[in-house]
Structure formats: C-alpha cells, structure tokens
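Reminder, nothing fancy here: chain letters follow the sequence lines and each chain counts from 1.
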Protein chains: 2
Amino acid sequence: MKLTTWNINGIRAREQALLRWIAVAQPDVLCLQEIKADLTQIPESLQNLATHTALWNGSAKKGYSGTALLVSNTLIQTHGDAVFSIPSFDAESRTVQAVIGKTVVIGVYVPRGEKDAAHYKWKLDFFTALETHTASLIAAGHDVVLCGDMNVAHKDLDVHPSQQNPEACGQRPPEREAIDRVMATGFQDVYRNLHAGEEGCFSWWPYWRNARERNLGWRLDYIYATPRLAASATAAVIDSSEASSDHSPVSTQFVI
Amino acid sequence: MKLTTWNINGIRAREQALLRWIAVAQPDVLCLQEIKADLTQIPESLQNLATHTALWNGSAKKGYSGTALLVSNTLIQTHGDAVFSIPSFDAESRTVQAVIGKTVVIGVYVPRGEKDAAHYKWKLDFFTALETHTASLIAAGHDVVLCGDMNVAHKDLDVHPSQQNPEACGQRPPEREAIDRVMATGFQDVYRNLHAGEEGCFSWWPYWRNARERNLGWRLDYIYATPRLAASATAAVIDSSEASSDHSPVSTQFVI
DNA sequence: CGTCCTAAG
DNA sequence: CTTAAGACG
C-alpha cells in the first residue's frame, strides 16, 4: 500500500499539478491538507477521478483549511466497501479518517498556532485529542496510520540548522512533547526509520527568499504508523521535485 | 501636440504595457485614469521616465481611482516651465490639470455612479462642478482640452446596438444631458468630429463574454476641445489593438 | 510569496 | 473578467 500525505495549499490552484502527480505516482491512499475549498468548489476533474474515491472534509470557513482522503478504487475493491468518514473533532475541517482493510488511516492538518496564545493552546489541545483518539484505536487492536501536516518539526534534525530556534512556533518544547505523547500511544516515524540521522530532509519551505532552492526547510509532514505497519515499510520519500505547493508530498510503501 | 487619454485599470498591472505603449506612440500629453496606486506604489520605471514629466494624483483610497497626466519633456522645454497641478475637487483623486503653452489640459475620471442613488447623484454633481470649472477657464480665454473616462456613452451611436438601454447607468438621459451642458461651455467631441456617424467606435468593453472580440463595447473615453483646437485636429484614433486594460487608449493630434 | 476573500469596476 | 486589499499561512 503506497500512502502519501501532501499539504497542497489550495486544491483549485493545484488542479493540474495534482492530477498529473496522481497519474504518475499512483498512490493507494492520498491524504490532502489545506484544500481551501468547500464541496461546491472542488474541481470536477478531482471529484470524478476514475482511479480513486475521495472523502472530502471541505472548508467550513471559506477558503480556509479543509482536508481530504483519497483511496484507490483497486484497494476498495480488494478490501470491500470499508471506507467511511468521521466528523472532525473541531469546526475547521482538519481531520479525515478511513478504514482500509484492517488499517485505520487518519489524515490531519494541525493548526499552526502562531496567531496568539489561545490559538497556540488550541494547537496543544488538538494533539491531546489526537492522543486520546489514537490510543483508543490502538487499544482496540487496529493497525493505524496517522499522517499529515503536524505544523511541528519534531526534532532539531527536522529543521535546517540556520533556521533552528526553540522559541519559534513549530519548534517549541511543549509542541514537540505533545508529538512525543501522541507517538507514545504506539507510533513510529516511518520516514525517519528509513532515513535515521539523515540531514536536510524537509517537506516545507517558506515561499520567500529562495528558501526551497537553498533547502532552508522544515520537516512538518509526517507518516506515523503502528509497529507492525512501520516494520513493513520498504521505502519513504519526500518528492521535493514537486514544488507547486510550499509543501512537497511525503510517501511511503507498506507491504500489507 | 499628440494627446492621449487612457483608463489603464491599475498602473502596477500595466507597467510593461504602458512603457511599451509610450515608447511606440510617443504622446506629448498622456492622461491616465484608474492608476489604482498611491505615490509610494507607482512603479519606479514610470516615475523616472526619461521622456516625460508626470503629475500624479495618487489614489487617496488604497487601490481605488487615481489619475495622472504625463507631459513630454520636449514640450515642456519648448513651452517653458508651464506645468502645474490643481487639487482635485473631490477626495477621490479623479482630476488632474496642466497648463501647456496657452492650452489647459484637464484629465478626469468620472465616477461610475452605479453603486446607489447617492453615488449616481454625485456623478451628476461631478459634471456640474466640471461645467463651472471649464466655463470659467473658457471665459478667461484659454484653449482647453477636457479628456478622460466620462463613464457615460454620450449618444446611442456610442454603444453597440445590442447593449443600448436607456435605463443602464452610463446611458441615462440625465447623464447625457450633464455632458451636453459641459460641452455647451464650449467644447467639441474631437473623435466624433473626425468620425461623424461612424458605427462601432468604442473605447471600453466588458472583460467578460468575449465582449471585446465581438466589439460589444461602449465609447466612454472622450477628448473634448475648444473650437480653435478642435479645428486643428488632424486625426483621432482608438487603439483597440492595445487590449491590456478594459479600456483602449484614445488619441488625437492637434496642430498648434 | 502564494492562495483565497471581498469590494469595486 | 480583472485589479487590488486583506487575511492567513
């Protein structure tokens, strides 16, 4: 099962790039964040994909946030009619979930938390709710994939040395500890498992000052998996050649 | 003296088209409307033209309205230091004026008047103020050119037959009569003098429904001149090949 | 910087 | 349709 998470920063602006990328990469599961569109605004071409069935969690606030989870029709046929959605646990369309075979896939778009103190606290609360949710799924015996834009660089290694700053939102100890607690419910960082200690692995770059060309990035997009799944991962890649959004797609291949 | 009036719909979006057009057309006087920029936002290339000196009446409301009058440096040198500006008679940067030799050139951007009844009344008041202003200049013996985006199609001939509608703002009898009264202070319509009865002469087309390609336009941009000047006009053209704005430049050549 | 919103034309 | 401002990231 090839799974990808990608913050596409506007599904309307990304229509062509996204169609092309899906055709080439052929992911079995594709979690999208920041679609910035409601159900009436999503391009028809993406609503009517021949290859995939989509769960849309469209933007509740116009042009803001929004997530989706696309599952290849092959996989659905193989595993039966096992796709369903749950309401997001906030009013900003930040989560989407599907059950595929015996695996639960959760896609999240964690709030940035930089607006003010309340927003930052809400970001930490988001992780706490996530922790509760994944703990209960894992306790029930599910294999779980939790992926998406965490809006936190989990370790110093996940930020370019020139951009490291423990005061910066996205690098603060409390956020990193919140991720620790989510992972402690039973997850491994699939990309880091396969690229242990490797420097310069980023999935987001600011649009300004040629940050992408200079690789002054952060790793904000993660695929966490429960141990059996994580052990089955044969590859994990960040496709930094796909530079249409400020985030690049992060993919892995599970053998299940 | 070659004079042009052009509603450019955003001087920042028009920077390259405008530079190119000035280089090719070499107008002696260029009246611009809807520059949609204040003095700090006007592109440097246009502030530092080698060929022309500009009077900017920058947008008072951010990104809204704004006019300018550019005079070729040759003309200034020929006629001495005769360029000056007057404050606009409203708070929306809609007028600009220069004295060039013995001729007064006035550039105006008349309000559209479509928002509500008060706005429409204000449009009519604008013409009344204009009438007072031009009457006094003409009484003082000046040659006067009044040009710009009048936001009124003066005659039925100035609107494509399929778009004619006496209820439509820009075609209503009171607006047309307001133009009549301004012209009665002593002006002739230079373009119409040289294209009497000619159909399909428009200077504005809606951006939508391929109106420009189908010539479903209106003539909204006029050059009015006092009789001696008007009689000297050897040509008047609408350069509809310049299609970067929704208005095309309207030019005439006076022999003075 | 880029995407989307809204106001205005 | 197009421009530009403003919110947000």
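When rounded to the nearest whole Å, the span between CD of B:Glu34 and P of C:dA8 equals 13 Å. Taking atom CG of A:Asp149 as the reference point, atom P of D:dC8 lies 18 Å away to the nearest angstrom. At whole-Å resolution of the value, NZ in B:Lys62 and C1' in D:dT3 are 14 Å apart. Between A:Arg209 atom CZ and C:dC1 atom P there is a gap of 10 Å when expressed in whole angstrom units. To the nearest angstrom, C1' of C:dA8 lies 11 Å from CD of B:Glu92. Going from atom CG of B:Leu216 over to atom C1' of D:dC1 covers 15 Å, rounded to whole Å. One atom, CZ of A:Arg212, and another, C1' of C:dG2, lie 13 Å apart when rounded to the nearest Å. One interatomic measurement links the two molecules: CG of B:Asp116 to P of C:dA7, which rounds to 14 Å at whole-angstrom precision.
In this structure the side chain of B:Thr252 never reaches within 4.5 angstrom of the side chain of B:Tyr191, judged on heavy atoms.
Looking at A:Arg176 and A:Asp156, a side-chain N of the basic residue comes within less than 4.0 Å of a carboxylate O on the acidic one, giving a salt bridge.
Residue contacts for A:Arg12: at a heavy-atom cut-off of 4.0 Å it reaches the sugar-phosphate backbone alone, with no base atom in range. Within the 4.0 angstrom heavy-atom criterion, no nucleotide atom of any strand lies near A:Glu114. Residue B:Gln41 is classed as a sugar-phosphate contact, given heavy-atom separations below 4.0 Å to backbone atoms only. Among the atoms of the strands shown, only primed sugar atoms or phosphate atoms (P, OP1, OP2) are found under 4.0 Å from some heavy atom of B:Arg14.
The B:Trp208 side chain lies nearest to C:dG9 when the options are C:dG9, C:dC5, C:dT3. Residue B:Ala13 places its side chain closer to D:dA4 than to any other of C:dG9, D:dA4, D:dG9. Picking from D:dA4, C:dG9, C:dC4 the nucleotide with the shortest atom distance to the side chain of B:Lys36 gives D:dA4. Comparing D:dG6, C:dG9, C:dC1 against the side chain of B:His119 picks out C:dG9 as the nearest.
With the nearest nucleotide of DNA chain C identified for both B:Tyr64 and A:Tyr64, A:Tyr64 has the one nearer the 5' end.
Close placement of the B:Trp6 and B:Trp21 rings is indicated, their centers lying within 6.0 Å of each other.
The line from CD of A:Gln33 to CG of A:Asn7 is 5.5 Å long, rounded to the nearest 0.5 Å.
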Can B:Arg212 and B:Asp246 be said to form a salt bridge (Lys or Arg N to Asp or Glu O under 4.0 Å), step by step? CA-CA 8 Å; B:Arg212 186 187 272 271; B:Asp246 51 346; over 6 Å; no
